[in-house]
**Q** 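One structure coming up, written as structure tokens, with questions to follow.
The structure presented is a predicted model; accordingly, all values stated were derived computationally and were not measured. So that the names make sense, note that chain A is the first sequence line, chain B the second, and so on, each numbered from 1.
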Amino acid sequence: MDLTTFLIQLLNALQYGLLLFLVASGLTLIFGIMGIINLAHGSFYMMGAYMAFALTSATGNLFVAILLGIALSALIGFLLEWGLFSRLYKRDHLDQVLLTYGLILVFEEIRSMIVGDDVHGVRIPEMLSASIQLSETLSYPVYRLFMSAVCIVLAVLMYWLIRHTRLGMMIRAGSSNREMVQSLGINIDLIYRLVFALGVTLAAFAGMLAAPVSSVYPGMGNQVLIICFVVVVIGGVGSVWGALVAALLIGLADTFGKVIIPDYAGLTVYLLMAAVLLWRPEGIFRRI
Amino acid sequence: MSETLLEAEGLHSFYGSSHILHGIDFVVRRGETIGLMGRNGMGKTTLIRSMLGHVRPRHGRVAVRGKTMTGSAPYLIARKGIAYVPEGRGIFPNLSVRENLLMAAKPGIDGRRDWTYERVLETFPRLGERLTNGGGQLSGGEQQMLTIGRALMTNPDVLILDEATEGLAPLIAKEIWYIVRQIRATGIATIVIDKNHAAVTSISDRNVILVKGKVAFEGSSAELRAQPELLHKHLGAG
Amino acid sequence: QGARKVRVGLMLPYTGTYAALGNAITNGFKLAVEQGGGKLGGSEVEYFTVDDESDAAKAPENANKLIKRDNVDVLVGTVHSGVALAMARVARETKSLLIVPNAGADEITGPLCAPNIFRTSFSAWQPAYAMGNVMAERKHKNVVTLSWKYSFGEQSVAGFKEAFEKAGGKVVKELYLPFPNVEFQPYLTEIAALKPDAVFVFFAGGGAVKFVKDYAAAGLKSTIPLYGSGFLTDGTLEAQGDAAEGLLTTLHYADGLDIPKDKEFRAAYASAFKMQPDVYAVQGYDAAQLFAAGLAAVKGDVGKRDELVKAMESATIDSPRGKFTLSKAHNPVQDIYLRKVEGKENKVVAVAAKALADPARGCRM
Amino acid sequence: MGELVLAARGLSRQFGGLAANKDVSLDMHRGELHAVLGPNGAGKSTLINLLSGDLPPSGGQILYRGQDISGWSPDRRSRAGIGRSYQRTNIFPAFTAFENCRLAAQSRTPRALHIFSRAQNYDDLRSAADRALEQAGLAARRDIVAATLSHGEQRQLEIAMVLATAPSVLLLDEPLAGMGSEESQLMVTLLQKLSADHAILLVEHDMDAVFAVADVITVMVTGQVLESGPPDQIRASLAVQEAYLGGGEPDDE
Amino acid sequence: MSSAIKTPRAALLATLLVLSVFPLFGSDYYSELLTKIMIMAIFAMSLDLLVGFTGLVSFGHAAFFGIAAYAVVLVSPQYDPSSLWLVLPAAVLAAAVAAFVVGLFVLRTKGIYFIMVTLAFAQMIYFVFHDSPLGGGSDGVFINFKPELRIGETQLLDLGDAGHFYYVVLLLLVATYVFLRILLRSPLGHALAGIKSNEHRMLSLGFPVFLYKLAGFVIAGALAGVAGFLSACQFGFVTPEILSWHQSGNVLLMVILGGMGTLNGAAIGAFAFVVLQEVFSALTKHWQFLMGTVIVLVVMLLPGGLASLTQRLRRLLLGGGSNG
Ligand SMILES: Nc1ncnc2c1ncn2[C@@H]1O[C@H](COP(=O)(O)OP(=O)(O)OP(=O)(O)O)[C@@H](O)[C@H]1O
Ligand SMILES: Nc1ncnc2c1ncn2[C@@H]1O[C@H](COP(=O)(O)OP(=O)(O)OP(=O)(O)O)[C@@H](O)[C@H]1O
Ligand SMILES: [Mg+2]
Ligand SMILES: [Mg+2]
């Protein structure tokens, strides 16, 4: 591999890693911080992608679609927490597994009933549709770089929210002892509802943003589900930076795995996860 | 008579089918220090939790500042200026010491800000040395200080200390009693549950002894000291 | 005898990634029946459906559902090759009649071939082999292939390689990525570095959409021509948009075929289901036609298995794709078209291979 | 004085920049109750954690009956006879008080891996469990699920469980905390009885109890041993007064 | 262990009775379906030993199921039936050895991390079978002849015969159930329950916790191997999909759906899961919608899973009885 190729692969790895972070960001919040095992994360991602498709077709503009989609998914998240999740906090965590599995099936079928089972594409907005020439044969789409930039902004915002705002402290406190948080006069139920909605919105937002490059198809949610959990867990549950670092590591492992050991490329991510967790049984950035 | 801050009337509470509180009347007025005593398992904690909304009483009434709030959400009751230091500590192990304190900070119901972050650290210098440590990494006594400090950060009108000196070294325990006396002067009421009866009666205005979920005695510290056999009978203390 | 309805078991994906394909096949099949006035080869039809979920682990059980629970006379399925292989096994064991309306695994009409197993679609080998010749003719010397690492992808590449290298070309590198991974960027970079004359790929569905878009976005489309087995651009053009414009693929069906049967079929399909048919619908339609040929010969008496099979084997199917017959191994002997993406259509450019028959390696029948 | 059972030799433990234990040495003899006092955060629990194996030391040695056990796992130390209780209640919340103790007793039996016999049927386990509950004053609450015991009762259970493992060394981290006066009294009597044939390390802030039962007292401050000696010496020590006990009795107004 | 749920003997015996006579009355198809349910029940019970009783939530249990299934394929000669004496122990041993090796690694982690490392190892095993020709690659492999049991020249059992097979499965189901029941009330069972409740305290009480967990993990793996062996024999088909995470997820769902920590619950979960699918998929193309809705309803309305339903009913009936 010559140097240019290597550098481009490195760029690929970083870009993929950032994309993974984007997709996993909502899970970092709902699972990592709030401690809810949410298998339906992929469904929210899919929901977002389909919203991007449907709303872009309707409005003709991806950005307008994203704004509408954000409002819609926040509402859905709010209602789900209110109607379902909030009633399970006192129960065994595995009940959440069951609930969210049921939701996957329900969402997938609702999608099928409303939009059908076809594969769809979403156009990249005109202003971002250019490409940058990297080598004589290869160029890089601006939209991907735009996505990466959004991911970085998102990571910083999330880190700030979780680590440096009182709201962030309350959310984290809520995951360890809700009763005590209440005793401090904090309406943790409402906070959880809002944060859950935010998590759902992030997942959907990821789907909307990724729709133009990933296309929109049935079952797309299930495909990202496992990798999202891998990102959150390798990073250390509850750590935003951890998730970012983990996502980048996975990006590297996956990209160079495909190049260096193509026959075992499917294994690399799991090898990485097993290795990391055996080395650090609580993820890279174990939180206090 | 000064304002009634917290009041329970004919309270009956259950855990599942076991009947724990059998018709308890209990009143906390402004600026009052009340000792709540009883052997292990007599229902002291249950009484507190019933008044704070963590346990929904099956019969009876809970009023906060004169307003009936039986079974209201705990955060609504807490917002009325009631702070709680639960037994067995309620620190957030995944938050740093600093965060444990800051997340709770709020002015009192009348806008008072007597207790600030700085003042809490002054009171418990030990905490100041451990600010970035996770709550879960503190020693037992340090956790206890943190819980008390955090409760004070909410600038309450009623402070409930459920075995708050458990695990505190004698010097610090004394510091706690000192604080209780001090804040009483500013009009803050305190409910103290503590195994050290001597210490409790030395600072309390009024004492309540629970036996099997019923009030077995209510009276001033002087009255209680005058009847040592009561202490012996209900608390097993010599 | 005539009173008994023929029991047709449809084992197709109705949920998951391939749901649209399963629906198209079902529609195609039902259209043929409707055109026969609700009858197939003169017999009334009763349907039994099972969602195979494209889950190979459940395949034998799902097939048994139709065979043992519903006692179907014919099993029609499916899309996913792994599932179809399992169905073929069950069919061999239970001697049930099986018509495969899509799955292209070479084995089905290779080592697994049997008198009671038919296919109305294609073998993985067929379009790929045809493409090998096309690319060699177009003077490409060094080619890189890329596909998912599963047997259907590997068979497509093998078919392509066989023809292409026989015609003097060279496959400089075979790239595979784990199924169903769709992160293509590392491979695109590698292709850009290798600078082959052209690239041959096998992808389908959502993966195909993403690949074609990524390939174009990486700027490779203009410098290194992309070819593929037809599924790359079938049922996906809407989603691929401009990125697919001009791509060349080979398949046994195309848009703009000048065949009366096709025009009639398209019109009927469009009016019945309010959407345009695709190759999957054609394959489903032909599955019905093939079975109809058999039924007609035995007048609906499915008990006469030998006669039924014989009639099916020797039938000439008047398919929208053009007439075809069956090889000894029961795979269509059919024209493979070279198609070019124009607008939202896979326009036929030429016949890439005339009456191409699968070599049916390993078939003893 | 009985034989030397457990000894710490220059134990230290760092937490990042903080030396929670620094060069701590201490002897525990059979038949002797050794109390460890010190302000909050002095490193008392850390010392117990080092002795019990819950934490690995950053330096120093632990000798058990003359053998260096610094590298042993906690379970191995426990099986060898070093039992401990926790400052933060650490019980099996889903089991009844009795089952908590029976499980503790089971850890002593070599048949722990027997698969084809009912655990319920072992009389010796049952009686060991019941005896432990009795000793800790919890017999009346035998069949209550631990999670629903009151705080003080859970503290009693904490002690009962250690007792059920019949250890020869007892490391007790604030056993009296959370207990009422009567239970404390009971516990003090129990400690006195046990100290006859056990080596006991007692960390406790209840001074009345400590001075009533201790044979030797070690005072720790900021991870180091400040002073060690018989109770009278400690009571008299100015350094100890200042660091830990504070001035005269404050509680009488 | 205090809440050890007492299932009335009568209910168990009645179930056993129904199961024993079912093939005499039920159709072939439904007997086969029941066979499959019983296999899944064995699988689910094996996982329940980990999830419900030891607190180890494994998300890679299908690996051991699949390894045993592949062992059947690899051990079976191509043109003859293999001997049950050989294949069953070989399959179970393969699963147990795999569980032992995997357990050595994964049991060092806890909680959610444990869930994910088990997933990681299972996925690696999945890719080994999927990407290598070892087990027929992505298309899977077939066993041409099912195992048989012979003594001398006489064939006692032929697993190719659906009837024989049914009773072999039933026998193994009962054996598994009884074995686990005995195990759970043995000292080992109590120790596992202790680990679930408070692992740290178990350690400080002197239990070699790692060894106990490993023992539990290997036993569960071996039992999953029994199920895997049976699954391979039922359809004679083994594909990498049976060790995918979907399969691990499905069996986990069965356990939770039925009610964790009750062996009957695991079996009920397996039964419900398969039967609901069967019923719903016959109704509509969108059957997964119904399935999902039912699952959501079960979680919301039946804490403790389906197994708690029987208890609720009983309480309701008994309560009603005493009032009247
Ligand atoms: N969550 C619960 N579920 C069931 N019973 C409970 C629960 N919590 C406490 N109890 C029972 O209620 C009774 C009163 O408990 P409570 O905690 O109020 O006692 P307490 O007076 O605070 O005792 P202590 O001094 O030990 O803290 C006890 O018998 C206890 O076992
Ligand atoms: N895991 C840890 N990480 C960082 N610091 C720790 C950790 N555990 C304990 N410490 C610190 O080490 C010091 C000693 O703690 P230790 O628990 O031994 O105190 P202690 O003497 O038992 O105090 P107390 O009487 O309050 O229980 C404390 O300052 C504590 O904050
Ligand atoms: Mg209490
Ligand atoms: Mg301590």
Side-chain angles (χ1 to χ4, degrees), chain C residues 10-16 19 22-23 26 48-71 80-90 92-94 103 105-108 111-112 148-155 176-181, chain E residues 26-33 35-37 39-40 62 65-66 69 123 126-127 130-133 136-146 160 162 228 231-244 246-247 250 274 277-278 280-289 291-292:
Chain C
L10 300 172
M11 175 165 157
L12 290 161
Y14 294 114
T15 55
N23 285 324
T26 309
F48 298 86
T49 49
V50 162
D51 176 9
D52 70 33
E53 301 170 63
S54 299
D55 183 349
K58 285 194 198 150
E61 183 196 342
N62 281 329
N64 267 343
K65 236 180 235 183
L66 293 170
I67 295 169
K68 297 206 174 135
R69 182 187 66 184
D70 303 331
N71 295 313
H80 185 282
S81 277
V83 178
L85 285 169
M87 289 175 77
R89 286 284 181 166
V90 175
R92 275 169 74 103
E93 220 166 81
T94 58
D106 289 341
E107 294 95 329
I108 294 172
L112 281 180
W148 275 315
K149 188 172 176 66
Y150 62 177
S151 61
F152 188 75
E154 287 165 341
Q155 287 173 1
Y176 291 101
L177 82 160
F179 180 76
N181 194 309
Chain E
S27 75
D28 277 5
Y29 173 73
Y30 287 102
S31 298
E32 265 184 41
L33 187 71
T35 312
K36 157 154 174 160
I37 291 175
I39 295 174
M40 292 318 284
F65 181 87
Q123 284 295 92
Y126 166 80
F127 278 110
H130 186 274
D131 288 357
S132 74
S138 58
D139 287 338
V141 267
F142 288 83
I143 310 163
N144 296 326
F145 297 93
K146 311 268 175 78
S231 165
C233 291
Q234 184 174 19
F235 295 111
F237 173 50
V238 181
T239 145
E241 294 315 312
I242 64 167
L243 19 75
S244 69
H246 296 101
Q247 187 83 348
N250 281 345
V274 176
Q277 265 191 17
E278 175 84 13
F280 289 153
S281 63
L283 288 179
T284 157
K285 269 202 300 197
H286 296 295
W287 63 276
Q288 293 199 334
F289 182 80
M291 186 83 183

**Q** So for C/Glu154, is it side chain, backbone, both, or neither that comes closer than 4.5 Å to the heavy atoms of chain E?
**A**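 For C/Glu154, there is no contact with chain E at all, as no heavy atom is under 4.5 Å.
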**Q** Calculate, to the nearest 0.5 Å, the distance between atoms CD and CZ belonging to C/Glu93 and E/Phe237 respectively.
**A**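 Nearest 0.5 Å value for the CD-CZ distance: 12.0 Å.
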**Q** Give the C-alpha distance, both sets of side-chain angles, the deciding distance and a yes or no for side chain to side chain contact (heavy atoms under 4.5 Å, CB included) between C/Tyr176 and E/Asp131.
**A** CA-CA 11 Å; C/Tyr176 291 101; E/Asp131 288 357; over 6 Å; no
**Q** To check you understand the geometry: which heavy-atom pair defines the closest contact between C/Ser151 and E/Ser138, and what is its length?
**A**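 Shortest heavy-atom contact: N-OG, 3.0 Å.
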**Q** Within this structure, what is the CD-NZ distance for the pair E/Glu241 and C/Lys58, rounded to the nearest 0.5 Å?
**A**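 So the gap between those two atoms works out to 11.5 Å.
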**Q** What's the spacing between C/Lys68 NZ and E/Tyr29 OH if we round to 0.5 Å?
**A**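 Output value for this atom pair is 10.0 Å.
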**Q** So which part of C/Asp70 gets closer than 4.5 Å to some heavy atom of chain E, the side chain, the backbone, both or neither?
**A**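 Contact with chain E is absent: no heavy atom of C/Asp70 under 4.5 Å.
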**Q** If I measure from the heavy atoms of chain E, does C/Asn62 come under 4.5 Å with its side chain, its backbone, both, or neither?
**A**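 Contact with chain E is absent: no heavy atom of C/Asn62 under 4.5 Å.
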**Q** Within the 4.5 Å heavy-atom criterion, are E/His286 and C/Tyr14 side-chain neighbours or not?
**A**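 A side-chain contact under 4.5 Å is absent here.
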**Q** Under a 4.5 Å heavy-atom cut-off, does chain E meet the side chain of C/Lys65, its backbone, both or neither?
**A**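 Answer is both: backbone and side chain atoms of C/Lys65 are under 4.5 Å from chain E.
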**Q** What's the shortest heavy-atom distance between E/Lys285 and C/Thr15, and which atoms?
**A**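 Distance-wise, the nearest heavy atoms are O-CG2, 4.0 Å.
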**Q** Out of curiosity, C/Glu53 CD to E/His246 NE2, how far, rounded to the nearest 0.5 Å?
**A**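 Here the interatomic distance stands at 10.0 Å.
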**Q** Rounded to the nearest 0.5 Å, what separation is found between the CD atom of E/Glu32 and the CG atom of C/Asn64?
**A**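 With rounding to 0.5 Å, CD (E/Glu32) is 5.0 Å from CG (C/Asn64).
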**Q** If you count heavy-atom pairs within less than 4.5 Å of chain C, which of E/Asp139, E/Thr239, E/Asp28, E/Ile242 leads?
**A**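 With the most close heavy-atom pairs to chain C, the winner is E/Asp139.
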**Q** Determine the minimum heavy-atom distance between E/Phe142 and C/Leu85, stating which atoms define it.
**A**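 Shortest heavy-atom separation between E/Phe142 and C/Leu85 comes out as CZ-O, 4.0 Å.
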